[in-house]
Amino acid sequence: MNTPVIFSLHHVSCAIPFQDTVKTVLHDIHIEIHSREWVTFVGTNGSGKSTLAKVLAGLHPVSEGSLTTSYHGNPAVQLVFQNPDTSIIGETVYEDVCFGLVNYGVIEPALEQLAMKALSKVGLTSLAHTPASSLSGGQKQLLAIAGCLAVSPSVYIFDETTSMLDPMSRKTILDLAHQLHADGSTIIWITQLLDELTGTDRVIALEEGRVAFDGSSRDFFYGRAIDDSDKSFSESEVSPCERLGFTMPYVVQVAQRLMRQGCVLKSKPLSPEELSDAVEELCQYNS
């Protein structure tokens with residue numbers, strides 16, 4: 001990318017207390033993340049995703065190696081956790097959003113303006129004076145995001161933010177994250193839900209605390225083609241996604257089955273819309 005590097009991790013290892021000992025959960029991580037990039041970290045439980053999120057957010061020190069940051073804003077980075085209950089402090093929705101603003105020295109009349117603007121962006125304006133404890137799980141996660149929005153960071157880290165939500169709430173939060181990205185924010189998205197990789201600039205897969213893949217989402221699901229003009233797919237080919245033991249999204253499974261049967265698709269689809277377009281063009285070509 002042509003944008004500046006804002007995170008540089010040079011051979012970073014990270015250890016955390018575990019029972020009566022110390023366990024190394026990140027091993028020799030060497031990556032760079034650019035401004036305005038959308039990077040999705042994937043991995044199974046225990047792969048080190050959440051620890052890496054905390055390292056990037058400045059909440060956990062590195063044990064070996066170095067982390068260099070170059071970003072703007074105060075705060076520059078905000079982390080949205082998997083369980084929103086861990087971050088809700090205010091009695092009401094409005095008070096909870098104001099809490100972070102007050103911590104950064106914002107006072108009236110800017111306080112109310114910024115809080116209500118953030119609530120408007122996540123669709124919670126009408127619930128501003130509702131007890132935060134009465135919200136649904138999806139609404140609580142939107143409230144957590146509103147608290148981050150209010151302080152205008154340049155980097156958002158979403159740590160499995162949608163994992164506990166219903167499909168509609170997941171879509172709402174994904175759409176909001178994509179809008180933030182379109183507006184110029186850097187997005188670090190952490191998930192085990194591989195259908196959320198659509199629209200991602202880059203996928204980094206972790207396995208036992210190490211980087212096992214770093215590339216595009218299409219390469220993650222389909223592998224790297226030797227020749228981009230060759231759209232065929234061999235039964236013997238194993239993608240990074242399969243090699244790491246992940247279950248493919250249904251769209252990718254269908255596309256791979258078609259390609260293995262000799263169908264030449266114009267692209268390697270990631271979304272239902274892309275699959276529909278590819279199949280439609282295939283049908284027109286063969287008619």
Side-chain angles (χ1 to χ4, degrees), residues 4-35 37-89 100 103 141 144 147-148 151 153-164 177 186-194 196-197 200-215 220 240-241 243-247:
V5 173
I6 56 173
F7 292 101
S8 293
L9 289 83
H10 296 279
H11 305 293
V12 164
S13 295
C14 188
I16 60 174
F18 182 75
Q19 296 180 351
D20 296 329
T21 184
V22 175
K23 180 180 179 180
T24 301
V25 293
L26 296 177
H27 303 267
D28 196 31
I29 304 294
H30 190 72
I31 58 175
E32 291 182 341
I33 297 175
H34 292 255
S35 174
E37 195 172 16
W38 180 307
V39 180
T40 299
F41 287 93
V42 299
T44 57
N45 287 331
S47 62
K49 303 186 305 299
S50 291
T51 300
L52 182 56
K54 292 174 183 175
V55 168
L56 294 173
L59 300 179
H60 202 296
V62 301
S63 303
E64 297 180 13
S66 64
L67 167 64
T68 304
T69 59
S70 178
Y71 40 59
H72 302 287
N74 182 28
V77 180
Q78 286 285 278
L79 172 61
V80 184
F81 293 95
Q82 178 181 18
N83 184 354
D85 287 323
T86 62
S87 59
I88 293 177
I89 297 174
N103 278 346
Q141 201 60 282
C148 297
V151 295
S154 58
V155 181
Y156 292 87
I157 302 176
F158 294 88
D159 184 12
E160 299 200 57
T161 305
T162 62
S163 64
M164 301 170 64
T186 303
I187 303 295
I188 297 172
W189 189 267
I190 297 171
T191 188
Q192 295 187 58
L193 305 172
L194 299 190
E196 295 180 352
L197 269 60
T200 294
D201 295 326
R202 179 178 166 202
V203 175
I204 298 177
L206 297 180
E207 184 180 34
E208 296 182 350
R210 293 178 170 86
V211 174
F213 174 84
D214 186 350
F220 179 68
C241 179
R243 187 177 69 249
L244 292 168
F246 294 106
T247 300

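These numbers come from a predicted model, not from an experiment.
- Remark: Asp28 does not engage Arg210 in a salt bridge, criterion side-chain N to carboxylate O under 4.0 Å.
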Original post:
side chain to side chain contact (heavy atoms under 4.5 Å, CB included) between Ile29 and Val211: does it pass, once the steps are laid out?
Top reply: CA-CA 7 Å; Ile29 304 294; Val211 174; 3.9 Å; yes

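- Exactly one residue among Trp189, Tyr156, Phe158 makes a ring pair (Phe, Tyr, Trp, His ring centres under 6.0 Å) with Trp38. That residue is Trp189.
- Considering OG of Ser50 and CG of Leu59, their distance stands at 11.5 Å, rounded to 0.5 Å.
- When side chains are defined from C-beta on, Ser47 does not count as touching Glu207, because their heavy atoms never get closer than 4.5 Å.
- The ring pair (Phe, Tyr, Trp, His ring centres under 6.0 Å) search around His34 returns none, not counting sequence neighbours.
- Here the closest heavy-atom approach between residue Val55 and residue Cys14 is recorded as CG2-SG, 4.0 Å.
- Here the straight-line distance linking atom CG of Leu206 with atom CG of Leu244 works out to 10.0 Å at 0.5 Å rounding.
- By the 4.5 Å heavy-atom criterion applied to side chains, Gln192 and Asn45 are counted as neighbours.
- Across all non-hydrogen atoms, the minimal contact from Gly147 to Gln78 is O-OE1, 4.3 Å.
- Listed by chain and number, the residues in a salt bridge (Lys or Arg N to Asp or Glu O under 4.0 Å) with Asp201 amount to none (sequence neighbours excluded).
- In terms of the salt bridge (Lys or Arg N to Asp or Glu O under 4.0 Å) criterion, residue partners of Glu160 (sequence neighbours excluded) are, by chain and number, Lys49.
- The closest side-chain heavy-atom distance from Ile187 to Thr200 is not below 4.5 Å.
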Original post:
Passes side chain to side chain contact (heavy atoms under 4.5 Å, CB included), Val203 versus Val42? Steps please.
Top reply: CA-CA 7 Å; Val203 175; Val42 299; 4.0 Å; yes

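- Between Ser63 and Thr24, every side-chain heavy-atom pair lies at or beyond the 4.5 Å cut-off.
- Without hydrogens or angle criteria, Thr21 side chain to Phe18 main chain gives no donor-acceptor distance under 3.5 Å.
- Taking CZ from Phe7 and OG1 from Thr186, the interatomic distance works out to 7.5 Å, rounded to the nearest 0.5 Å.
- Within the 4.5 Å cutoff, side-chain heavy atoms of Leu52 are placed close to those of Leu9.
- Taking CD of Gln141 as the reference point, atom CG of Asp85 lies at 9.5 Å (rounded to 0.5 Å).
- Between Val22 and Ala15, the closest heavy-atom pair is CG1-CB, 3.4 Å.
- No more than 12 heavy atoms of other residues, nucleotides or ligands shown are found within 6.0 angstrom of CD on Glu64.
- Atom OG1 of Thr161 sits about 11.0 Å away from atom CG of Asn83, to the nearest 0.5 Å.
- Of all non-hydrogen atoms in Leu26 and Gly48, the two that sit nearest each other are CD2-O, 3.5 Å.
- In terms of heavy atoms, Thr247 sits closest to Leu194 at O-CD1, 3.6 Å.
- Taking CG from Leu56 and CD1 from Ile188, the interatomic distance works out to 5.0 Å, rounded to the nearest 0.5 Å.
- When side chains are defined from C-beta on, Ile31 counts as touching Arg202, because their heavy atoms get closer than 4.5 Å.
- Aromatic ring pairs are classed by plane angle as parallel below 30°, tilted from 30° to 60° and perpendicular above 60°; the pair His11 and His30 is parallel.
- Considering all non-hydrogen atoms of both residues, Phe220 and Ala205 come closest at CE1-CB, 4.0 Å.
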